[in-house]
Amino acid sequence: MINRENLFDIGRTLLAIILALLLGFVIILLVSEEPYEAFKLFVTGPLTTPRRLGNWIEAAIPLVFTGLAVSVAFQAGQFNIGAEGQLFFGAVLATIVGLSFQLPMYLHVFVALLGAIVGGALVGAIPGVMKARWGASELVSSLMLNYVFYRLGLYLINYHFRDPAAGAMVSYRIPQTAWLQQFMPPTRIHWGLWVAIAAVVFTYLFIYHTRWGYALRMTGLNKNFAAYSGISVTGVIIYSQIISGGIAGLAGAADVLGLYRRFQWQMLPGYGFDGIIIATLARNNPIAVPVAALFLAYIRSGASVMSRMTDVSSEMVAIIQGIMILLVTAQAFLSTWHHRAVVKEAQKHGRDA
């Protein structure tokens with residue numbers, strides 16, 4: 001049930017987004033010779049053709065996974081700056097499983113996705129264990145592991161699964177039985193959309209309707225109180241990072257199995273770091289993560305259309321999202337108004353009593 005605090009957070013987030021968009025429009029006015037056309041394309045561009053609509057949804061799918069992954073860690077009071085390496089290595093293992101087994105279609109897809117979960121969970125488990133056993137900062141260890149597993153993934157693909165006939169540093173083509181099928185031509189929207197929805201439902205039910213999720217949230221709210229209450233804080237730290245990593249691994253599998261049908265990344269794609277933005281906008285609420293992912297993918301798709309059709313570069317969206325994050329995370333933003341509303345409500349209940 002939405003309470004007054006949640007409504008305030010939603011209102012503050014929406015106001016931050018509106019202010020960021022308005023400031024973006026002002027900047028477009030200053031730098032463009034056709035500012036109104038540019039802003040129109042920025043706002044409506046992703047909806048103008050079926051293919052652009054598809055590009056918007058396709059871009060949002062991996063963002064849902066990484067947003068969920070970071071949200072799980074944040075709910076436990078942990079940092080996960082390693083979603084980038086987790087999704088990358090998840091994509092690598094999904095590719096290896098897809099190429100190494102010959103299975104019926106649905107089973108092959110399931111096993112490849114399971115490989116991605118295992119790959120991401122493995123990367124996530126390391127900073128969790130290091131934090132729980134030796135007190136190592138999970139922020140530093142997860143960030144450093146991005147590059148460890150990035151290089152390890154490239155080694156496995158380029159030296160053991162590279163297609164020498166492709167003319168580029170890419171893997172062999174994954175068998176069709178392991179594909180996440182595309183189902184809405186002429187777009188490339190694929191079954192990864194349904195996997196993302198299932199991940200949202202799983203994450204929500206796990207966090208809010210299981211005892212493990214309760215322990216995770218209590219640890220995030222107050223680690224000392226959780227330990228005093230009998231919760232195994234060490235266990236929470238480890239399994240929160242494992243679950244977070246497993247979900248992030250699915251982000252890589254979604255792109256490889258659903259869009260490219262072979263592994264072709266030679267650089268980190270950036271979705272893992274975007275997950276921090278998504279989790280921040282969603283206030284770590286799994287149900288709000290798809291909304292935040294769709295929004296971020298929308299403004300990026302709009303920026304791409306605007307940059308192709310006008311004289312405004314797509315980097316404009318970086319300014320807008322930076323302003324949004326600053327306003328959303330600023331605890332003092334609208335705090336005076338909120339304090340007055342709370343006092344007014346308290347006085348009203350006092351008079352009624």
Between [X] and [Y] (side chain of the first, backbone of the second, donor and acceptor by atom type, cut-off under 3.5 Å), is there such a pair?
{"X": "T177", "Y": "P104", "answer": "no"}
{"X": "T48", "Y": "G45", "answer": "yes"}
{"X": "Y150", "Y": "Q266", "answer": "yes"}

Taking every non-hydrogen atom, the tightest pair across [X] and [Y]:
{"X": "V64", "Y": "A293", "result": "CG2-CB, 3.6 Å"}
{"X": "I238", "Y": "A132", "result": "CG1-CB, 3.7 Å"}
{"X": "R262", "Y": "A166", "result": "NH1-CB, 4.0 Å"}
{"X": "G213", "Y": "T210", "result": "N-OG1, 3.0 Å"}

Shared hydrophobic cluster for L180 and I197 (ILVMFWY, side-chain gaps under 4.5 Å):
yes

Out of curiosity, does L294 fall in the hydrophobic cluster containing V70 (side-chain heavy atoms, cut-off under 4.5 Å, transitive links)?
no

Nearest 0.5 Å please: distance from the [atom1] atom of [X] over to the [atom2] atom of [Y].
{"X": "Q241", "Y": "S142", "atom1": "CD", "atom2": "OG", "answer": "6.5 Å"}
{"X": "K131", "Y": "Q78", "atom1": "NZ", "atom2": "CD", "answer": "4.0 Å"}
{"X": "R261", "Y": "T95", "atom1": "CZ", "atom2": "OG1", "answer": "12.5 Å"}

side-chain hydrogen bond (donor to acceptor under 3.5 Å, both in side chains) between S301 and N55, worked out:
CA-CA 7 Å; S301 297; N55 291 339; over 6 Å; no

Check the pair R300, D274 against salt bridge (charged side-chain N to carboxylate O under 4.0 Å, His left out), reporting the backbone distance first and the verdict last.
CA-CA 12 Å; R300 288 183 173 176; D274 290 337; 2.7 Å; yes

Electrostatic pair D163-R173, nearest N-O below 4.0 angstrom:
no

Hey, is CZ on F39 packed in by over 12 heavy atoms from elsewhere, all under 6.0 Å?
yes

For Y214, does the OH atom sit with more than 12 other heavy atoms under 6.0 Å from it, leaving out its own atoms?
no

Criterion ring pair (Phe, Tyr, Trp, His ring centres under 6.0 Å) on F183 and W194, from CA distance to verdict
CA-CA 11 Å; F183 62 89; W194 311 125; 5.4 Å; yes

Classify the side-chain pair [X]/[Y] by whether it contains a donor and acceptor separated by less than 3.5 Å.
{"X": "Q75", "Y": "Y208", "result": "yes"}
{"X": "N285", "Y": "Y204", "result": "no"}
{"X": "Q86", "Y": "N80", "result": "yes"}

